[in-house]
Asks: 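For reference, the structure I am asking about is given below.
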2 protein chains.
Amino acid sequence: MNSQSIENYLKVIFNQAISTDEVNTTGIAQALEVSLPSVNSMVKKLAGMGLLEYQKYKPLKITDKGRKMAARIIRKHRLTEMYLVEKMGFGWEEVHDIAEQLEHIQSPVFFDRMDELLGYPQRDPHGSPIPNKNGQIAVLEYRPLADCQPGEQVELKALGHTSDEFLKYLNSKELALGVKVEVLEVEAFDRNMKVEYSGHQEVLSALVCSKLLVS
Amino acid sequence: MNSQSIENYLKVIFNQAISTDEVNTTGIAQALEVSLPSVNSMVKKLAGMGLLEYQKYKPLKITDKGRKMAARIIRKHRLTEMYLVEKMGFGWEEVHDIAEQLEHIQSPVFFDRMDELLGYPQRDPHGSPIPNKNGQIAVLEYRPLADCQPGEQVELKALGHTSDEFLKYLNSKELALGVKVEVLEVEAFDRNMKVEYSGHQEVLSALVCSKLLVS
DNA sequence: TTAAATAGTTAGAATAGACTAACAAATTTA
DNA sequence: TAAATTTGTTAGTCTATTCTAACTATTTAA
Ligand SMILES: [Mn+2]
Ligand SMILES: [Mn+2]
Ligand SMILES: [Mn+2]
Ligand SMILES: [Mn+2]
């Protein structure tokens with residue numbers, strides 16, 4: 001069975017490959033907070049397992065096998081987060097660290113049961129898609145709120161960033177998935193947005209708006 | 001944080017100390033299916049952590065600190081088993097292997113929430129007591145069915161053995177915790193018991209009767 | 001287009017946890 | 001009680017995963 005370490009590396013590589021397709025060693029080291037030589041030796045190991053393509057000094061490419069394996073771990077992570085929120089009453093800002101551990105549990109029946117009890121959800125509490133059992137993952141069609149124009153009415157569908165601090169910030173602003181947002185004004189200078197939702201007005205920074213995914 | 005290995009050793013030592021108070025190396029090796037030298041080096045490590053008393057060639061004694069730490073792991077194991085049965089619909093024969101993994105999750109709030117959702121249960125699905133958060137564990141007062149006399153009416157309260165095979169055997173006989181059992185006859189030769197419960201009669205072997213704890 | 005900075009690699013070492021082989025102490029049996 | 005058996009220990013090895021120090025290749029900037 002693959003170690004937790006292997007699984008965590010693979011997941012990071014998969015996630016970094018989404019934006020750029022090619023992944024570099026330094027990014028992995030930063031994400032996992034380990035040294036470059038540690039990454040280098042693990043990368044060779046993963047390549048030996050057929051999960052990556054590796055050539056000295058070249059950017060890494062994840063293989064289909066690697067992608068599939070990573071997606072299955074992410075499936076467990078996101079099902080867990082959904083279960084913790086829906087069935088155990090946790091807030092969306094509390095679940096990531098627990099899921100980071102539970103994603104390594106080896107028990108297909110455990111996660112299948114979660115899936116069943118949840119009614120086969122398509123997205124996790126942060127709006128990210130839950131891969132299916134074969135490791136296939138839906139592509140999100142959402143755009144950042146930052147790209148919207150004044151007068152547009154949109155719905156908050158997912159987050160482009162899910163740190164505790166950001167989630168707590170959203171809680172404090174009563175911003176949750178499903179909230180209908182109308183763009184009132186965009187400040188030309190700094191791209192701050194004045195928006196209205198749930199009956200009140202707020203000014204959101206450009207940074208925040210770039211992380212709110214809407215449709 | 002303690003490794004899963006350390007936690008698994010400690011749990012085995014705690015369990016073996018219940019019956020005899022003093023624990024020997026060979027028993028640990030057998031329970032964990034590791035070699036004697038592996039046990040020896042881990043035992044020294046645990047002693048160094050103040051969890052055991054160790055002197056060369058002497059039986060081991062678990063300290064109060066060790067007992068408390070072990071009980072807290074067992075608490076997580078048993079809460080998990082209860083949660084899996086009560087809230088996720090698993091059978092009592094399916095939950096041990098999952099709990100064996102989940103007991104190592106580091107998240108007090110996760111187990112506190114389980115406890116709360118379960119209504120602070122005192123026993124796991126096999127009738128074993130769930131230690132409290134301080135690592136204190138209730139002592140069972142039950143006696144084996146094997147000690148009962150013909151004519152006695154008792155209730156099945158807990159199991160002295162919880163292997164999958166035994167649990168499946170009990171399922172096949174419709175024996176579950178809470179079932180009222182009347183002892184009809186005891187065969188003098190082999191101590192087999194003829195019993196009646198849930199409206200039907202069965203003959204149970206001495207081995208089985210020694211593992212059924214009643215009151 | 002050379003120099004500086006960044007990114008990636010190798011070598012060597014440390015720790016945790018497992019193992020086998022060899023040996024020593026303790027216990028049981030004759 | 002002496003021999004045989006069982007139990008426990010030590011020494012040394014192996015794999016996994018991490019690290020630091022030193023080096024090399026690639027990329028960026030002057
Ligand atoms: Mn997460
Ligand atoms: Mn993880
Ligand atoms: Mn169990
Ligand atoms: Mn365990």
Side-chain angles (χ1 to χ4, degrees), chain A residues 1-17 19-62 66 69-70 73 100-101 103-104 106, chain B residues 1-17 19-62 66 69-70 73 100-101 103-104 106:
Chain A
M1 207 37 56
N2 296 321
S3 69
Q4 298 202 178
S5 209
I6 287 175
E7 294 191 341
N8 285 333
Y9 272 94
L10 192 60
K11 221 169 42 122
V12 161
I13 292 165
F14 177 89
N15 279 133
Q16 297 200 353
S19 31
T20 50
D21 205 56
E22 296 190 331
V23 179
N24 51 329
T25 308
T26 307
I28 304 168
Q30 285 168 352
L32 288 169
E33 299 183 274
V34 294
S35 70
L36 278 167
S38 297
V39 175
N40 186 251
S41 73
M42 182 58 88
V43 149
K44 286 176 179 173
K45 179 176 201 166
L46 296 176
M49 297 168 73
L51 304 171
L52 299 181
E53 285 172 40
Y54 168 71
Q55 289 173 273
K56 266 191 194 181
Y57 295 104
K58 294 269 166 64
L60 303 163
K61 276 191 279 198
I62 189 168
M69 189 177 292
I73 302 160
E100 199 57 51
Q101 298 179 65
E103 70 191 358
H104 305 293
Q106 300 298 328
Chain B
M1 209 36 57
N2 295 321
S3 69
Q4 297 203 178
S5 210
I6 287 175
E7 294 192 339
N8 286 334
Y9 273 92
L10 191 59
K11 220 169 40 120
V12 161
I13 293 165
F14 177 89
N15 279 133
Q16 298 200 353
S19 30
T20 48
D21 204 54
E22 295 190 329
V23 179
N24 52 328
T25 308
T26 307
I28 303 168
Q30 284 168 353
L32 288 170
E33 299 183 273
V34 295
S35 69
L36 277 167
S38 299
V39 175
N40 185 251
S41 73
M42 182 58 87
V43 150
K44 286 175 179 173
K45 179 176 200 166
L46 296 176
M49 296 168 73
L51 304 171
L52 298 181
E53 284 172 41
Y54 168 72
Q55 289 173 272
K56 268 194 192 178
Y57 295 104
K58 294 271 166 62
L60 303 163
K61 276 192 280 198
I62 189 167
M69 190 177 290
I73 302 160
E100 200 57 51
Q101 298 179 65
E103 71 191 358
H104 305 293
Q106 299 299 327

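Because the structure is a prediction, the values reported are computed rather than measured. Proteins come first, then strands; the chains are lettered A, B, ... in the order of their sequence lines, and each starts at number 1.
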Asks: From the options A/V23, A/L51, A/L10, select the one residue that forms a side chain to side chain contact (heavy atoms under 4.5 Å, CB included) with A/I62.
Replies: A/L10
Asks: Atom OG of B/S5 and atom NZ of B/K45: how far apart are they, to the nearest 0.5 Å?
Replies: 8.0 Å
Asks: Which residue in the set A/V39, A/L46, A/I28 passes side chain to side chain contact (heavy atoms under 4.5 Å, CB included) when paired with A/L60?
Replies: A/I28
Asks: Side chains of B/N2 and B/M69, heavy atoms from C-beta outward: is any pair under 4.5 Å?
Replies: yes
Asks: Near DNA chain D, which residues from residues 2-12 of chain B have a heavy atom under 4.0 Å away?
Replies: none
Asks: What pair of heavy atoms forms the shortest contact from A/Q16 to A/G27, and how long is it?
Replies: NE2-O, 3.1 Å
Asks: Taking the axis from the first five pairs and the axis from the last five, what angle separates them in the helix from C/dT1-D/dA30 to C/dA30-D/dT1, rounded to 10 degrees?
Replies: 0°
Asks: How long is the straight-line distance from OH of A/Y54 back to OG1 of A/T25, given to the nearest 0.5 Å?
Replies: 7.0 Å
Asks: I need the B/Q4 CD to B/H104 NE2 distance, nearest 0.5 Å.
Replies: 4.5 Å
Asks: Looking at CD of B/Q101 and CD of B/E103, how far apart are the two atoms once the value is rounded to the nearest 0.5 Å?
Replies: 9.5 Å
Asks: With rounding to the nearest 0.5 Å, note down the distance linking CD in A/Q30 to CG in A/L36.
Replies: 8.5 Å
Asks: Within the pair B/S38 and C/dG17, is there a side-chain N or O less than 4.0 Å away from OP1 or OP2?
Replies: no
Asks: Could you grab the distance from atom CD of A/E100 to atom CD1 of A/I73, nearest 0.5 Å is fine?
Replies: 10.0 Å
Asks: Tabulated below should be each protein N or O lying under 3.5 Å from an N or O of nucleotides 7-11 of chain C; please produce it.
Replies:
| unit_1 | atom_1 | unit_2 | atom_2 | d |
| --- | --- | --- | --- | --- |
| C/dG8 | OP2 | A/T26 | N | 2.9 |
| C/dG8 | OP2 | A/T26 | OG1 | 2.5 |
| C/dT9 | OP1 | A/Y54 | OH | 2.5 |
| C/dT9 | OP1 | A/Y57 | N | 3.0 |
| C/dT9 | OP2 | A/N40 | ND2 | 2.4 |
| C/dT9 | O5' | A/N40 | ND2 | 3.2 |
| C/dT10 | OP1 | A/K56 | NZ | 2.8 |
| C/dT10 | OP2 | A/K44 | NZ | 2.4 |

